[in-house]
Amino acid sequence: MSALIPFFVILPLAGAFAIPVFSGYWKNMGKVLTPILMLMLLALSVMFFFRDSAVFVYYVGGWELINGVPVGIQFVVDGLSVLMLSIINMMAFFASFFSISYLKKFTGDKYFYALFCLMVAGMNGVVITGDLFNMFIFLEIAVISSYALVAFGIEREELEASFKYQVLGGLASLLVLLGIVVLYWKTGSLNIADISRVLKQEGSSPSLLFIQILFIAGFGLKAAMIPFHAWLPDAHSSAPAPISAMLSGVLIKAVGVYAIMRLFFNMFELTYEMSMLILVIGTISMVGGVFLAIGQWDFKRLLAYHSISQMGYVFLGLGMGMVILSVNGNKAVAVMAIAGGLYHMVNHAVFKGLLFLNSGAVEYKTGTRMLKELGGLSENMPLTSTSSFGASMAISGIPPFNGFFSKLLIIIAAVQGQFYLMAALAVLVSIITLASFMKVHRYAFSGNLRFKDLKKFGEAPFSMLFSMLVLAGLCLLLSLLIIPVFRDIFLTPAVNDLMNLLNYSQPIIGV
Amino acid sequence: MTGMTNIVKTVTRIIGGVVFLFGLYIVTHGHLSPGGGFAGGTIIAGAFILLVLAYGDNIMHLRRIKEESSALENIAIFCILIMAAVGFLLGTKVFFNNFLPIGTAGQLISAGIIPLFNILIGIEVAAALFTIFLAFVIFKEEEK
């Protein structure tokens, strides 16, 4: 089964390079091939949930260990990677299926699909690689294609957003690269498991602290945590809707949150200071994001600010787990906090992706995304309105939608771990989130019927509706992950691999 | 786009071919000496860019060349991917498998598939850089 791992990179890369070449002979190639490829990748990643061994290691080029030291690049698939792979490829499938109708507004769709496949290849690569520099390469593949995709509409506003994104993204890449350089100079290795072995022998030092700060700043910029968030609202609101869904739903997680989790849990030893830093940044993002969001009148901009706030929840859960682990506190509470963070990450991919697709459908039909210009859409677009309502309830944490259960886990963990302030803030932010989505529904979907011409402003086309309704169903279905039977399949392996260093490093280097 | 003076044209005529050959040398000796696909590819692209700058060309022709070099770039990188995946077809299940005989170190034809990768990367980089250059030239011409 481990021979299947490189296909997570091969398949989307093949799509990305084949589509521009052969589109000349078959015009619809991108439209047909991209969703099929993404569906295959989704099936492949779901298959890995039911694997027979905990961690798979794949040696690229056949370069195996020499005297216990890794010489080549290794692909590693463990519980966390599988979780990330499945949300990346699931959102990629729905976004590419949604694009079939959405892209009628644009020209040059072969480049869109090529860049889309390239972005997915980059994200899959970040998640499966076990090599630090290789991770940087894949991160750049994913991020550079997203720069181009944000500017895909080539209007003034989009180009400006893309430029801002490029400047800050370039800065982040530079910080990450500098961190890798210093780490390589210090340890003489680029393999994550091997570095963790070397670091364990050396103990802590000022340069290690410097590297950790560089990584938090670099990957924090990619994950758009406050105070590194300035690029996100522009980039996520200007991109085409399926790309916004991909950026907000999975890109900031794959290149930001995943990298921080992998490096800080599995490579560095957890220290109290760094864990506290992540916890505080997460809390500030959670509170700041929602206060920035509630005043917005642009539908997509509001959603973009909510991404910052919801990613704050994820960091809150992970940060609490890290703090508890670093002071050798109650392990059960740490498990609950980390599981809550991971669970919320999965949920956020689904409901935020869905909300961005909803905004895309509204914009496709009405030509505007300013809330004050919309109104009464629930009569024109009943299905879009319903799915949007489900997603809004999920993001605000209303039972029985999935967001409720993940927030509940995080808040219970916060109370049990005696982070009372964080627990109170998490509840408060949830209430303000509800308020801001009530605003969206009051202005966009209910209220006066602004668009009377039903023919012109009817329901969205099939490919859009299909993606939105299935995602809305998933918003309900993912609540099941709270039940132990499903949790043991999907979430527990990821939490275990994060908490136990040996789980990750033993299959790779043997210690 | 107009060309440059006769002096530049004459010098370009003399050194253009030499630059191109030097690029080919760097690419093909990538596994033996410093350099390789990327470095050689930039030199080859430099030879083409020199020709366009010195002699000039009309915009319609430039557009057609840009289409062709863009397609060439895609084909080259597609070939790299296929070569990397050939190991799966041969039954070894190794991505980036070096399936050709390795030969004697130091000889021009040795190191298995590494020279082939260098050549393809050379084509890819040369075509990509030339495409970027042409995109700028065409943008500037259209603005006039």
Side-chain angles (χ1 to χ4, degrees), chain A residues 1-25 29-30 33 37 56-64 71-77 108 110-111 113-115 117-118 121 124-125 128-131 134 137-138 141 144-145 148 151 154 159, chain B residues 31 36-38 63-102 111-118 120-121 123-125 127-132 134-136 138-139 142-143:
Chain A
M1 199 165 171
S2 71
L4 291 173
I5 294 174
F7 281 97
F8 284 114
V9 180
I10 296 177
L11 284 180
L13 274 186
F17 303 134
I19 288 167
V21 177
F22 299 112
S23 282
Y25 305 103
M29 179 158 177
L33 192 66
L37 274 178
F56 284 109
V57 183
Y58 180 83
Y59 301 94
V60 178
W63 294 97
E64 304 209 350
V71 288
I73 293 170
Q74 294 163 357
F75 287 163
V76 184
V77 170
K110 66 177 177 182
Y111 297 114
Y113 288 112
L115 286 166
C117 288
L118 206 57
N124 281 344
I128 61 175
T129 187
D131 183 280
N134 200 231
I137 300 286
F138 279 124
I141 292 177
I144 288 176
S145 38
I154 52 169
L159 293 175
Chain B
H31 56 297
F38 195 95
R63 276 211 192 102
R64 217 184 67 224
I65 307 175
K66 178 172 163 261
E67 287 292 309
E68 283 166 4
S69 71
S70 171
L72 188 65
E73 184 204 339
N74 268 309
I75 291 168
I77 201 151
F78 196 51
C79 290
I80 291 178
L81 189 71
I82 289 173
M83 265 179 52
V86 156
F88 283 96
L89 302 180
L90 295 178
T92 50
K93 296 186 180 173
V94 177
F95 193 33
F96 279 105
N97 187 19
N98 197 339
F99 54 88
L100 290 177
I102 295 195
I113 55 168
I114 308 284
L116 294 180
F117 273 125
N118 267 327
L120 285 173
I121 291 169
I123 297 173
E124 151 72 20
V125 171
L129 284 179
F130 193 48
T131 311
I132 293 171
L134 286 177
F136 281 129
I138 290 168
F139 177 72
E142 278 173 346
E143 224 178 26

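Throughout, a chain's letter reflects where its sequence line sits, starting with A, and its residues are numbered from 1.
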| said: Taking ring pair (Phe, Tyr, Trp, His ring centres under 6.0 Å) as the definition, give me every residue that meets it alongside A/Phe75, ordered by chain and number, with sequence neighbours left out. | reply: none

| remark: Sorted by chain and residue number, the ring pair (Phe, Tyr, Trp, His ring centres under 6.0 Å) partners of B/Phe78 (sequence neighbours excluded) come out as none

Under 3.5 Å, what donor-acceptor pairs does chain B form with chain A?
from: B/Lys93; atom 1: O; to: A/Tyr58; atom 2: OH; distance (Å): 2.9
from: B/Phe95; atom 1: N; to: A/Tyr58; atom 2: OH; distance (Å): 2.6
from: B/Phe95; atom 1: O; to: A/Gly61; atom 2: N; distance (Å): 2.6

| CD1 of A/Ile154: more than 12 outside heavy atoms within 6.0 angstrom? | no

| message | What's the separation between atom CG in B/Leu81 and atom CG in A/Leu11, rounded to the nearest 0.5 Å? | response | 9.0 Å

| said: What part of B/Ile77 gets within 4.5 angstrom of chain A, counting heavy atoms only: side chain, backbone, both, or neither? | reply: both

| What pairs with A/Val9 under side-chain contact (heavy atoms from CB on, under 4.5 Å), at least two apart in sequence or on another chain? | A/Leu13, A/Ile128, A/Phe138

